[in-house]
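All of these numbers come straight from a predicted model, not from anything done at the bench.
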Amino acid sequence: MTTIYHNPRCTKSRQALQLLEEHGIEPEVIQYLDTPPSKKKLIEIVKLLGIPAEALVRKKEPLFKELNLGEQTLTDQQWIATMVEHPKLIERPIVIHNGQAAIGRPTENIVEILDA
């Protein structure tokens, strides 16, 4: 099964969904702003991505600045809690395919896990 954490208003997210469809994949589409991932799910995603939780945060998002997050040093657990509370801060799109995950910026990252 393939899952995409998707924001239909985001160009990169729409491109990622189109890429999956072009590869004959009909993913489970989770509009994460409407249905945010749980703390447990975010921890799982971060582990699949193999990155620190902070790397999943959209630092150019105005909310990041509003919350003064750039001036703080947070643990992975604190970053996860922040993203659970403010899903708008989660980088997008995220694709999970066959036990692997990729952030679709650039979309070539997704192709790597599709071809693996």
Side-chain angles (χ1 to χ4, degrees):
M1 171 168 248
T2 302
T3 302
I4 181 170
Y5 287 85
H6 177 62
N7 179 348
R9 296 182 65 212
C10 170
T11 301
K12 289 289 183 193
S13 197
R14 290 192 309 267
Q15 289 172 350
L17 185 57
Q18 181 179 351
L19 176 75
L20 292 172
E21 291 168 352
E22 287 170 358
H23 277 79
I25 297 170
E26 290 187 35
E28 173 187 11
V29 178
I30 298 174
Q31 292 189 27
Y32 71 94
L33 293 177
D34 297 332
T35 309
S38 66
K39 177 181 174 184
K40 181 179 177 182
K41 182 52 82 173
L42 269 178
I43 291 169
E44 179 185 320
I45 290 168
V46 167
K47 283 183 183 177
L48 285 173
L49 289 167
I51 61 174
E54 181 179 0
L56 192 56
V57 175
R58 292 176 51 83
K59 294 183 177 175
K60 293 182 181 178
E61 181 66 42
L63 182 60
F64 182 85
K65 187 174 183 176
E66 289 172 29
L67 296 173
N68 295 316
L69 293 172
E71 300 169 17
Q72 300 179 43
T73 302
L74 303 179
T75 66
D76 274 359
Q77 292 300 318
Q78 290 169 319
W79 281 116
I80 296 282
T82 300
M83 287 185 279
V84 168
E85 185 176 347
H86 304 284
K88 197 172 197 179
L89 291 173
I90 301 171
E91 187 60 84
R92 62 186 181 253
I94 302 166
V95 174
I96 300 172
H97 177 76
N98 290 339
Q100 295 184 306
I103 298 172
R105 290 179 177 269
T107 53
E108 289 79 24
N109 292 343
I110 297 167
V111 174
E112 289 178 19
I113 66 168
L114 296 180
D115 293 341

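E21 meets the side chain to side chain donor-acceptor pair (under 3.5 Å) test with no other residue; sequence neighbours excluded. Under the rule for a side chain to side chain donor-acceptor pair (under 3.5 Å), the partners of Q78 that lie at least two apart in sequence or sit in another chain are T75.
R92 places no side-chain N or O within 3.5 Å of a backbone atom of C10 that could act as its donor or acceptor partner. Side-chain atoms of R14 come within 3.5 Å of backbone atoms of P8 as a donor-acceptor pair (strictly under, hydrogens ignored). Of the possible polar contacts, one joining the D76 side chain to the A53 backbone as a donor-acceptor pair under 3.5 Å is found. Between the side chain of Q72 and the main chain of N68, a donor-acceptor pair closer than 3.5 Å is present.
I30 and I110 are members of different hydrophobic clusters when ILVMFWY side chains are connected at heavy-atom separations under 4.5 Å. Connection of V46 to L69 is established within a shared hydrophobic cluster, with ILVMFWY side chains joined at heavy-atom distances below 4.5 Å, either directly or through further cluster members. Note on I94 and L114: separate hydrophobic clusters, where clusters join Ile, Leu, Val, Met, Phe, Trp and Tyr whose side-chain heavy atoms are under 4.5 Å apart, directly or indirectly. Taking hydrophobic clusters as Ile, Leu, Val, Met, Phe, Trp and Tyr residues chained together by side-chain heavy-atom distances below 4.5 Å, L67 shares a cluster with V84. Both I80 and Y5 are part of a single hydrophobic cluster, where members link through side-chain heavy atoms under 4.5 Å apart.
Between F64 and L89 the shortest heavy-atom distance is N-CD2, 3.7 Å. Considering all non-hydrogen atoms of both residues, R58 and I90 come closest at CD-O, 3.1 Å. Nearest heavy-atom pair, G99 versus L48, reported as atom, atom and distance to 0.1 Å: O-CD2, 3.2 Å. The shortest non-hydrogen separation linking P37 to Y32 is CD-CB, 4.1 Å. The two residues A102 and N109 come nearest to each other via the heavy atoms CB-O, 3.5 Å. Taking each heavy atom of I103 and I51 in turn, the nearest pair found is CD1-CD1, 4.1 Å.
From T82, atom OG1 reaches atom CG of L42 across 10.5 Å, with rounding to the nearest 0.5 Å. Note that the NE2 atom of H6 and the OG1 atom of T35 stand 12.5 Å from one another [nearest 0.5 Å]. Separating the CG atom in D115 from the NE2 atom in H97 is a distance of 8.5 Å, to the nearest 0.5 Å. To the nearest 0.5 Å, atoms CD1 (I96) and CE (M1) are separated by 11.0 Å.
Tested against I43 for a side-chain contact (heavy atoms from CB on, under 4.5 Å), the candidates K40, K39, K41 yield a single pass: K39.
Side-chain contact between E91 and V57: absent, with no pair of heavy atoms (C-beta onward) separated by less than 4.5 Å. Taking 4.5 Å as the limit, every side-chain heavy atom of L74 sits out of range of all side-chain heavy atoms of E54. P27 places none of its side-chain heavy atoms less than 4.5 Å from the side chain of V95. Counting heavy atoms from C-beta outward, I4 and E28 have side chains that stay 4.5 Å or more apart. Contact check for E61 versus E66: no side-chain heavy atoms found under the 4.5 Å cut-off.
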Going through the checks in order, is the side chain to side chain contact (heavy atoms under 4.5 Å, CB included) test met by N7 and Q31? CA-CA 6 Å; N7 179 348; Q31 292 189 27; over 6 Å; no
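At most 12 heavy atoms of other shown residues, nucleotides or ligands fall within 6.0 angstrom of atom CD in E26.
Between E44 and K47 there is no salt bridge, since no side-chain N of the basic residue sits under 4.0 Å from a carboxylate O of the acidic one.
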